[in-house]
Participant: 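One structure, as C-alpha cells, below. Some questions next.
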Amino acid sequence: MPRNLAGPLSAGELAALQLAASGYTSRQIAHRLGTTEQGIHLRLKSAATKLGARSRTHAVVIALRRCLIRFDDLDLNEPARGAA
C-alpha cells in the first residue's frame, strides 16, 4: 500500500477528496468550498501526490481505505448534476 509521502493531508485536501468521492465535479466542489476550480485541481493533485496515488480516483480510494474519509460522511444522495 502506498505511504503518505509528503505529510498529512490538509483540511482543504480532505474536503475536496470527500466531495470528489461523493460524485461532485471540480466546478461543483469549488462552488461548495468557496474557491476556484483551479484551486480544487491543485488540492486534489496535492492530495494524490501525498497519498502516492496515480489519479484523483485512486486518491479517493486510498483515502477511503485508510479511513481518512468515511463512507458515512459522503453525500451520496444526489450531487447536483448540472449545477455549479
Side-chain angles (χ1 to χ4, degrees):
M1 182 179 284
R3 296 189 187 276
N4 225 357
L5 302 175
L9 298 178
S10 70
E13 291 165 345
L14 286 169
L17 279 172
Q18 183 170 336
L19 290 170
S22 296
Y24 289 92
T25 66
S26 293
R27 179 176 288 174
Q28 292 167 330
I29 295 169
H31 180 71
R32 288 188 60 138
L33 297 182
T35 188
T36 64
E37 194 171 345
Q38 180 64 25
I40 296 305
H41 287 289
L42 291 173
R43 288 181 192 186
L44 292 172
K45 182 176 181 177
S46 176
T49 299
K50 288 179 181 181
L51 294 171
R54 295 180 297 273
S55 67
R56 164 185 176 144
T57 302
H58 190 208
V60 166
V61 170
I62 292 170
L64 285 166
R65 290 185 70 188
R66 293 186 186 174
C67 298
L68 300 173
I69 57 177
R70 297 170 11 112
F71 280 108
D72 293 344
D73 296 332
L74 300 182
D75 179 10
L76 299 177
N77 294 323
E78 277 203 46
R81 297 210 170 138

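The analysis underlying the following values was restricted to heavy atoms, covering all of them including side chains, and did not include hydrogens, waters or symmetry mates. Sequential numbering from 1 along the given sequence is applied to the chain's residues.
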Participant: Grouping I, L, V, M, F, W and Y whenever their side-chain heavy atoms are under 4.5 Å apart, do L42 and Y24 come out in a common cluster?
Facilitator: no
Participant: For D75 and L19, what are the C-alpha separation, side-chain angles and deciding distance, and is it a side-chain contact (heavy atoms from CB on, under 4.5 Å)?
Facilitator: CA-CA 7 Å; D75 179 10; L19 290 170; 5.6 Å; no
Participant: Kindly give the heavy-atom pair with the smallest separation between A20 and I29, and that separation in Å.
Facilitator: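 Taking every non-hydrogen atom into account, N-CD1, 3.6 Å.
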Participant: Which atom names give the shortest non-hydrogen contact between S10 and K50, and what distance separates them?
Facilitator: N-NZ, 4.1 Å
Participant: State which residue, out of L68, I62, L51, fulfils the side chain to side chain contact (heavy atoms under 4.5 Å, CB included) condition with L17.
Facilitator: L51
Participant: Excluding sequence neighbours, so at least two apart, what forms side-chain contact (heavy atoms from CB on, under 4.5 Å) with R54?
Facilitator: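 R54: side-chain contact (heavy atoms from CB on, under 4.5 Å) contacts with H58.
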Participant: For the CD1 atom of I40 and the CD atom of E13, what is their distance to the nearest 0.5 Å?
Facilitator: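 Going from the CD1 atom of I40 to the CD atom of E13 covers 10.5 Å.
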Participant: Supply the atom-to-atom distance T35 OG1 to H41 NE2, rounded to the nearest 0.5 angstrom.
Facilitator: 11.0 Å
Participant: Got a sec, which residues hit side-chain contact (heavy atoms from CB on, under 4.5 Å) with A21, two or more places apart in sequence or on another chain?
Facilitator: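 Here the qualifying residues are V60, I69, L74.
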Participant: Go through the structure and list residues passing side-chain contact (heavy atoms from CB on, under 4.5 Å) with D73, not counting sequence neighbours.
Facilitator: Q18, R70
Participant: For a side-chain contact (heavy atoms from CB on, under 4.5 Å) check, start with the C-alpha distance between L33 and R43, then their side-chain angles and the critical distance, and finish with the verdict.
Facilitator: CA-CA 12 Å; L33 297 182; R43 288 181 192 186; 3.5 Å; yes
